[in-house]
2 protein chains.
Amino acid sequence: MAAINQTPQKRPTIYDLAQIAGTSPSAVSAILNGTWKKRRISAALAERVGRIAEEQGYAVNLQASLLRRERSRIIGMIIPKYDNRYFGAIAEQFEAMARERGLFPVITCTQRDPALEVEAAREMMSYQAECLIATGATNPDRIAAICAPAGVRSINLDLPGTAMPSVVSDNFGGARDLTRLILDRIERDFGILGPLYFIGGRAQDHNTTERLRGFRAAHAERGLSVLSDRCIMHGYSAAKSEAALAAAEIDGTVGFFVNSTIALEGVVRWIHGGPERPGLRFGCFDWDPFARFLPQNIGMMRQDIGAMLAKVFEFVEHPPPGAPRIETPCIFEPAN
Amino acid sequence: MAAINQTPQKRPTIYDLAQIAGTSPSAVSAILNGTWKKRRISAALAERVGRIAEEQGYAVNLQASLLRRERSRIIGMIIPKYDNRYFGAIAEQFEAMARERGLFPVITCTQRDPALEVEAAREMMSYQAECLIATGATNPDRIAAICAPAGVRSINLDLPGTAMPSVVSDNFGGARDLTRLILDRIERDFGILGPLYFIGGRAQDHNTTERLRGFRAAHAERGLSVLSDRCIMHGYSAAKSEAALAAAEIDGTVGFFVNSTIALEGVVRWIHGGPERPGLRFGCFDWDPFARFLPQNIGMMRQDIGAMLAKVFEFVEHPPPGAPRIETPCIFEPAN
DNA sequence: CCGGATTGCGCCATCGATGCAGCATGTATG
DNA sequence: CATACATGCTGCATCGATGGCGCAATCCGG
C-alpha cells in the first residue's frame, strides 16, 4: 500500500513546547495534564505554555502517555455488527456511558466471525484495555481465556458465558409473553389456534435455546405442541431465513415468532416477494422503529439496552464475585 | 470511580519472555513482530519463543510498539451515530475495508454534537492516527484545521468541506429523481399534481441545500413552485419532525419527500399516531430494509456506501491534489 | 590453515510523557 | 542574622518495543 502520509510532518512534542516557552519538558507535561497545581507551577507559566500548546496545535501522544501511566482507562467492546438497531444502539450508548465515566471506549465489529472475535480480543489486550465487553460473542469463554493472562476481566453482554459475569435479556420470559400474544391475536383475528413458526437464530446459542423454551412454554399452556419442522433456524442471516421460508411452502393462516430483526429482514422480503398473505401475522424478538409499523406486525419485544448497559458498568466498576448471570426484563411494544 | 481492575496483574513483556527463553529482548521482539528472518534468527529459537509467548498469553503492548514505530497505521473515523442503517453500514464497512488494507480502524460516535466532534478529532490526533475520515461532520473544515498542525489529512464523507477532499452522494440528482417519482405516483394514484412537502434536515447543511435544489428542480419541470411553508426542516431528529407535522395540519392527498430515515421515523410515528391517511405517499432519501416495505412508501434513494468508501480509501492511499469533491450516484430502490 | 563471508544473536539508544527527588530562590520567624 | 519553610522549577529514570550496529562463532574456498 502507498504511504498514507507522504509528508510525515513532525507533530509537536512537549520538548518542542518547552524549547519555545524556555522551560523544561516536565513543566510542560505537568501543565498540560492538569497536575501543575500539585507540582507548584506558577499560573503565569501555565497560562503561557497553554497558549503556546494551542498555537502549535499540540496534542498529547497517547501512546507515550499510556505507556508511562499505570492505568490506560481504555475499555474495549467487541460487537457482531453495527448495522441493526439493537447492536447499533448498544455501541452508541456504550460509548456515551464510557465517556461519562472518564473511560476511553474502543469498539470493534467482528461480523459474528469467531476468528475475528479472537483477533479483536487480542487487539484489545494490545491496546492495554482494562476491561473487555464481549457482546453477542459466539464463544464468550474463549474471550475470557484470552483476557485472563493479561489480568483483564471480560463481561459478557447479550450472550452469556460461564467464566465471567454476563448480562442478558430475560429471553425465556420475553419469548413466552410474545408467543402468548401472537397466539392470542391469531385466534382473535382468524379464529384459529395453531402452533406458530419460530424463525431465525441458531439452535446452539443460549438466547435461541431460551427463547425456544419460552415459545414452547406458551404453546404448552394452550395444549399445543411444537414440532421441529416449525422451527426454521438457519443462523442470523436475512438471506437464509428468506430462502428457508421460500422452500417451506407456507400458506393460509400462520403466525411467526421471529427471533431477531435480522431474521425479520428475510421474513419481510419473503412476504413481499410472493403472493399476498392476509392470513399472516408475526411478532419479533427485538425492536426496530420501522418494522414496528409493518402491517402484519403484532408486537416487538424490545431488549432493555439502557438497563443492560447500566448493569454492565456496575460490574465494570464493582467486579462481582464469581460469574453471575443477570437477566434483564424486556420491554414489550405492541405494534399499532 | 472505583478501580476497574483491582489486581493490575503484570502483563508479560518481551523482557519476561526473553528471560524465560534465555535470550535477549531484541530477539523476542524480532520473532514476535515477524522481522526475525531479516534479522537472521534461527527457526529453532523462533519456534521456541513463539511457543513461550503463546503459553504466557503474551500480547504486544501497542502503546510501546507504536511509540517506537514511525507509522501508526491507525485510521480514524468520526461519525454522528451508529443506530441507523446508513451510518451503521458506513461504520461496519469502513472497519472491514481498513482491516483489508492492513490499517487499524478507530471509530468514534459524536452524536452530531460539534463540540464532541472537535474533541473526538483531537483524540484521534492523540492516537497518532495517520488519517481521519470526518463523516457527516457539522463543520468539516474545523476538523481539517485540527488535523493540519499534526500533518494529518482528513477526508470528508457524506458532508463536504472546502479544505480537504470530500466524497458525497449526488444529492441534487438523487433528490430530483426521487421527487419526480413521487410527483408521478401522486398524480397516477390520485389524479392530482401538487407540490410535495420536504421534511427533515437543516437548511444550513450542504446536503439538505442540494436536495432541496433537486426537489425544486423537479417541481419546476412540471411548472410547480415550492413555497417555504412546505419545507419542514428541524434538523435530524425524529421527535422534531413528528412534532412539526402534528402542528402543520396536513390532510387530504399529500406527498412527502423525506430527507433521511431519521426524519422518516418521526413521519411514520405521526402517521400512526393520528387518523388514517389513505391519501398520503412518501419517498425517502436514504434506505432502510423495513421502511422500504411500509405501505405508503413509494421508493427510497439509497446512498451507495460501497462506492463512497472505495473512493475514500482511494484518497487515503493516493492523496489527490487540492480538495476535490466527488459526487456518487445514488441507487434508486422503488418500494414494493 | 588462513581470510573472508555468513550465520546467529546481543547491546543500546530511542520514541514522548510522566513523576519522584532534588535544588535553587524568596519569605517569614525567632 | 541564622533557620525554617514555602515556592517554582529542573534532571533523570522509567514505561515496552524497535532496529541499527556490532561481535562471536562457524563455514567454506583457496
Side-chain angles (χ1 to χ4, degrees), chain A residues 8-49 53 56-74 125-130 150-151, chain B residues 8-49 53 56-74 125-130 150-151:
Chain A
Q9 282 173 49
K10 285 295 286 175
R11 308 179 185 199
T13 70
I14 53 168
Y15 299 90
D16 301 326
L17 301 186
Q19 190 136 34
I20 296 173
T23 182
S24 72
S26 333
V28 173
S29 170
I31 290 163
L32 296 176
N33 69 29
T35 58
W36 59 280
K37 264 162 288 189
K38 231 188 315 232
R39 316 204 123 234
R40 297 179 316 209
I41 306 282
S42 66
L45 182 60
E47 200 269 337
R48 194 155 54 86
V49 169
Q56 301 290 316
Y58 174 83
V60 69
N61 182 327
L62 268 183
Q63 265 77 54
S65 180
L66 292 178
L67 176 57
R68 190 63 225 285
R69 293 166 111 89
E70 71 299 3
R71 290 194 49 193
S72 70
R73 303 195 78 87
I74 290 178
M125 297 306 98
S126 289
Y127 274 118
Q128 309 300 107
E130 297 182 346
Chain B
Q9 281 172 49
K10 284 295 286 175
R11 307 177 187 203
T13 70
I14 53 169
Y15 298 90
D16 302 326
L17 301 187
Q19 190 136 36
I20 296 173
T23 183
S24 72
S26 339
V28 173
S29 170
I31 289 163
L32 297 176
N33 70 26
T35 59
W36 58 280
K37 265 163 287 191
K38 232 186 317 234
R39 308 199 114 233
R40 297 178 316 208
I41 305 283
S42 65
L45 182 59
E47 202 268 340
R48 192 154 55 87
V49 169
Q56 301 289 317
Y58 174 83
V60 71
N61 181 327
L62 267 183
Q63 264 78 52
S65 178
L66 292 177
L67 176 58
R68 189 63 225 283
R69 294 165 110 90
E70 70 301 3
R71 290 194 50 195
S72 71
R73 303 194 79 88
I74 289 179
M125 296 306 97
S126 288
Y127 274 120
Q128 308 301 105
E130 297 182 347

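Every chain is numbered from 1 and lettered A, B, ... according to where its sequence line falls, protein lines coming before strand lines.
B:Arg11 places a side-chain N or O within 3.5 Å of a backbone atom of A:Met125 that can act as its donor or acceptor partner.
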Provide a list of protein-nucleic acid N or O atom pairs under 3.5 angstrom, restricted to nucleotides 10-14 of chain D.
{"from": "D:dT10", "atom 1": "OP1", "to": "A:Thr23", "atom 2": "OG1", "distance (Å)": "3.3"}
{"from": "D:dT10", "atom 1": "OP1", "to": "A:Ser24", "atom 2": "N", "distance (Å)": "3.4"}
{"from": "D:dT10", "atom 1": "OP2", "to": "A:Thr23", "atom 2": "OG1", "distance (Å)": "2.7"}
{"from": "D:dT10", "atom 1": "OP2", "to": "A:Ser24", "atom 2": "N", "distance (Å)": "3.0"}
{"from": "D:dT10", "atom 1": "OP2", "to": "A:Ser24", "atom 2": "OG", "distance (Å)": "2.6"}
{"from": "D:dG11", "atom 1": "N7", "to": "A:Ser26", "atom 2": "OG", "distance (Å)": "3.3"}
{"from": "D:dG11", "atom 1": "O6", "to": "A:Ser26", "atom 2": "OG", "distance (Å)": "3.2"}
{"from": "D:dT14", "atom 1": "O2", "to": "A:Arg68", "atom 2": "NE", "distance (Å)": "3.0"}
{"from": "D:dT14", "atom 1": "O2", "to": "A:Arg68", "atom 2": "NH1", "distance (Å)": "3.2"}

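Between B:Ser29 and B:Asn33 there is a side-chain heavy-atom pair separated by less than 4.5 Å. Residues A:Val60 and A:Leu32 have side chains not in contact (no heavy-atom distance under 4.5 Å, counting atoms from C-beta outward).
Regarding B:Arg40, its CZ atom lies at a distance of 16 Å from the P atom of D:dT26, rounded to whole Å. The separation between B:Met125 atom CE and C:dG16 atom P is 16 Å, rounded to whole Å. As a whole-Å value, the separation of A:Leu67 CG from D:dA17 P is 9 Å. The CD1-C1' distance, from A:Ile14 to D:dC15, rounds to 14 Å in whole Å. Between the P atom of C:dA17 and the CD atom of A:Glu70 lies a distance of 17 Å, rounded to the nearest Å. The nearest whole Å value for the distance from the CZ atom in B:Arg11 to the C1' atom in D:dC15 is 13 Å. Distance A:Leu66 CG to D:dA17 C1': 15 Å, rounded to the nearest Å. Atom NZ in B:Lys37 sits about 15 Å away from atom P in C:dC9, given to the nearest Å.
Note that CG of A:Leu66 is 10.5 Å distant from CG of B:Leu67, once rounded to the nearest 0.5 Å. The distance from atom CD of B:Gln128 to atom CD of B:Gln63, rounded to the nearest 0.5 Å, is 11.0 Å. Rounding to the nearest 0.5 Å places CZ of A:Arg39 at 11.5 Å from CD1 of A:Ile31. Rounding to the nearest 0.5 Å places CG of A:Leu62 at 6.0 Å from OH of B:Tyr127.
Using a cut-off of 4.0 Å between Lys/Arg side-chain N and Asp/Glu carboxylate O, B:Arg71 and B:Glu130 are scored as salt-bridged.
Remark: nothing in residues 28-36 of chain B comes within less than 4.0 Å of DNA chain C through any heavy atom.
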Under 3.5 Å donor-acceptor pairs involving side-chain atoms of residues 12-20 of chain A, not counting sequence neighbours:
{"from": "A:Thr13", "atom 1": "OG1", "to": "A:Tyr15", "atom 2": "N", "distance (Å)": "3.1"}
{"from": "A:Thr13", "atom 1": "OG1", "to": "A:Asp16", "atom 2": "N", "distance (Å)": "3.3"}
{"from": "A:Thr13", "atom 1": "OG1", "to": "A:Asp16", "atom 2": "OD2", "distance (Å)": "3.4"}
{"from": "A:Asp16", "atom 1": "OD2", "to": "A:Thr13", "atom 2": "N", "distance (Å)": "2.8"}

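Here B:Tyr58 reaches the OP1 or OP2 of D:dA17: one of its side-chain N or O atoms lies under 4.0 Å away.
Listed nucleotides D:dG22, C:dA17, D:dA17 differ in distance to A:Asn61; the shortest reach to its side chain belongs to C:dA17.
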